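Only this structure's heavy atoms are used, side chains among them; waters, hydrogens and symmetry mates stay out. Note that the structure is a prediction, hence the values are computed from the model and not measured. Every chain is numbered from 1 and lettered A, B, ... according to where its sequence line falls, protein lines coming before strand lines.
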Amino acid sequence: MPELPEVEVLVRHLKPLLRRKVIRGVQVNRDRVLRPTHARTFKRTLEGARFIHLTRRGKYLLFEISPRQGRQRRILLGHLGMTGRMYLVPSKAALPKHAAVVLDLGDSLFVFEDTRYFGRLTLDTTAVEGLGPEPLGSDFTIARLAADLARSNQPIKVKLLDQSLVAGIGNIYASEALLRAGISPKRPAKSLSPAGVKRLWHAIRQTLTDAVAFGSTVPLDYAGTGRGERLFYYGQMPDTETRFDERLQVYDREGKPCRHCSTPIKRIVQAARSTFFCPKCQS
DNA sequence: CACCATGTTCCTTG
DNA sequence: CCAAGGAACATGGT
């Protein structure tokens with residue numbers, strides 16, 4: 001579930017639940033997700049620490065924590081990788097098979113579950129230093145996007161996955177944004193016209209904004225009753241029954257009719273990843 | 001068994 | 001030095 005919209009919704013959900021909570025205990029089941037922090041350091045730093053703020057940067061979660069007395073506030077950096085989830089469960093709840101890290105908050109447990117263990121929960125924050133602007137922030141301007149694209153020969157779809165260009169777009173929303181902009185994923189980044197860049201800029205922001213809005217309508221229940229806890233990547237709207245995948249225009253729709261012109265959606269592989277597009281709507 | 005998967009990083013090649 | 005491509009990471013679904 002991990003692109004910017006999913007992370008944004010998760011952050012909004014967790015923020016009030018974690019505020020001022022003190023970490024009473026730390027259980028690390030998979031050292032790899034702490035990289036490069038050592039389990040010892042991780043436990044020593046977090047035990048007794050208090051959650052102060054939670055923000056998002058690209059696909060990363062930034063937990064600001066206040067360690068035990070005297071020490072400087074620190075950032076605990078989270079990333080969901082491909083299959084990561086973070087949620088709270090009752091203290092006595094059974095833990096999932098792939099619970100990588102569990103934090104005891106006294107009245108509940110914070111669980112970082114990750115089937116494939118590609119995610120992170122670490123005290124090393126260097127990963128966010130190389131990120132480009134927030135796509136929904138004021139630093140991400142049409143002029144900046146145009147200037148950055150003009151220096152790249154990469155196919156535009158591949159370039160959109162470059163987190164130093166703009167932070168937070170992943171494989172699903174890259175295809176979705178390009179359909180919205182009417183631009184072929186195969187076009188070299190530098191070949192986009194000024195008008196094309198402008199359409200892409202709007203498409204990126206609209207696609208992500210819409211996804212966040214959709215996710216915000218999905219009832220999340222991490223409190224432990226066990227239903228609706230799968231985040232909106234797998235969720236559905238309570239009113240319309242619209243499933244997440246039914247909202248997508250091209251992603252994972254190879255061979256199915258384009259929702260705009262009925263032309264079969266095509267799938268190609270770029271940089272070893274699937275790209276979906278409508279050959280008629282995009283050029 | 002084969003192939004595919006929401007992501008990032010490292011290594012090789014040019 | 002940089003750009004681009006591919007493999008690796010690890011597990012599960014179809």
Side-chain angles (χ1 to χ4, degrees), chain A residues 1-11 29-37 56-61 77-86 96-101 112-122 124-132 135 148-178 185-191 204 207-208 210-212 214-215 218 230-235 243-255 265 267-276:
Chain A
M1 50 156 224
E3 293 187 38
L4 183 150
E6 291 82 3
V7 178
E8 176 64 25
V9 170
L10 176 60
V11 164
N29 297 324
R30 206 45 100 106
D31 290 6
R32 136 176 268 278
V33 305
L34 308 183
R35 267 179 322 155
T37 304
R56 178 191 59 72
R57 181 79 174 88
K59 302 171 191 173
Y60 291 87
L61 300 98
L77 191 70
H79 193 288
L80 299 171
M82 295 274 266
T83 54
R85 293 192 174 97
M86 294 181 184
K97 180 178 180 183
H98 300 293
V101 178
F112 172 32
E113 171 190 5
D114 188 356
T115 305
R116 291 168 73 179
Y117 302 108
F118 287 176
R120 290 284 181 85
L121 193 59
T122 178
D124 175 64
T125 61
T126 54
V128 297
E129 291 169 13
L131 295 179
D148 290 344
L149 294 183
R151 286 189 275 99
S152 174
N153 281 311
Q154 282 189 300
I156 185 60
K157 189 281 189 160
V158 176
K159 192 63 186 169
L160 287 179
L161 298 180
D162 178 351
Q163 301 299 297
S164 70
L165 175 78
V166 55
I169 299 174
N171 207 39
I172 292 177
Y173 296 114
S175 283
E176 295 295 313
L178 286 169
K186 295 183 276 196
R187 292 268 298 276
K190 65 167 55 167
S191 77
I204 288 169
T207 298
L208 298 177
D210 286 357
V212 171
F214 168 77
V218 176
R230 292 309 179 194
L231 249 192
F232 67 93
Y233 187 80
Y234 304 97
R243 292 163 46 79
F244 176 79
D245 56 353
E246 289 172 352
R247 295 179 57 263
L248 300 179
Q249 304 295 300
V250 284
Y251 185 80
D252 203 24
R253 300 196 66 238
E254 181 181 16
I265 298 300
R267 171 184 179 272
I268 59 176
V269 174
Q270 296 179 291
R273 313 203 60 190
S274 291
T275 298
F276 300 87

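Residue Arg273(A) has no polar side-chain atom (N or O) positioned under 4.0 Å from OP1 or OP2 of dA5(B). Gln154(A) has a side-chain polar atom (N or O) that falls below the 4.0 Å cut-off from OP1 or OP2 of dA4(C). Regarding contacts with the backbone of dA5(B), a side-chain N or O of Ser274(A) is found under 4.0 angstrom from either OP1 or OP2. Phosphate proximity of dT8(B) to His79(A): present, with a side-chain N or O under 4.0 Å from OP1 or OP2.
Between Leu77(A) atom CG and dT8(B) atom P there is a gap of 11 Å when expressed in whole angstrom units. Whole-Å rounding puts the Leu161(A) CG to dT9(B) C1' distance at 15 Å. Between the NZ atom of Lys159(A) and the C1' atom of dA4(C) there is a distance of 11 Å, rounded to whole Å. Residue Tyr251(A) contributes atom OH, which lies 8 Å from atom P of dG7(B) at whole-angstrom precision. Summarising the geometry, the separation between NZ on Lys190(A) and C1' on dA3(C) is reported as 11 Å, rounded to the nearest angstrom. Rounded to whole Å, the distance from CE on Met82(A) to C1' on dT9(B) is 14 Å. If you measure from atom CG of Leu149(A) to atom P of dA3(C), you get 14 Å, rounded to the nearest angstrom. Atom CG of Asp162(A) is separated from atom P of dC2(C) by 14 Å (rounded to the nearest Å).
Side-chain atoms of Thr122(A) come within 3.5 Å of backbone N or O of Arg35(A) as a donor-acceptor pair. A donor-acceptor pair under 3.5 Å links the side-chain atoms of Arg187(A) to the main chain of Ser191(A), judged by distance alone.
Under the 6.0 Å distance and 45° angle rule, Arg32(A) does not count as a cation-pi partner of Tyr117(A). Both tests do not hold together for Arg85(A) against Phe112(A): distance to the six-membered ring centre under 6.0 Å, angle to the ring axis within 45°.
Annotation: of the two residues near DNA chain B, Gln163(A) and Phe276(A), the 5′-most nearest-nucleotide partner is Phe276(A).
Stem list for DNA chain B (at least 3 consecutive Watson-Crick or G-U pairs, distances under 3.5 Å): B:2-5 with C:11-14, B:7-14 with C:2-9.
Side-chain contact between Leu161(A) and Asn171(A) is present, with heavy atoms from C-beta onward closer than 4.5 Å. By the 4.5 Å heavy-atom criterion applied to side chains, Asp124(A) and Leu77(A) are not counted as neighbours.
Asn153(A) comes within 4.0 angstrom of sugar-phosphate atoms only, judged by non-hydrogen atoms across all strands, and of no base.
When only modelled atom types and interatomic distance are considered, Ser175(A) and Thr275(A) share no side-chain donor-acceptor pair under 3.5 Å. For the residue pair Ser152(A) / Lys190(A), no side-chain donor-acceptor distance below 3.5 Å is found, with atom types taken as modelled. For the residue pair Arg267(A)/Ser274(A), the side-chain donor-acceptor check at 3.5 Å is satisfied.
Here the shortest heavy-atom pairing between Leu4(A) and Lys59(A) reads N-CG, 4.2 Å.
Using atom C1' as the reference point in both dA4(C) and dA5(B), the two lie 23 Å apart (nearest Å). Here the separation of dA7(C) from dA2(B), taken at their P atoms, is 16 Å to the nearest Å.
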Subject >> Base-contact (B) and sugar-phosphate-only (S) positions in nucleotides 8-14 of chain C, heavy-atom cut-off under 4.0 Å, - elsewhere >> reply: -BBBS--
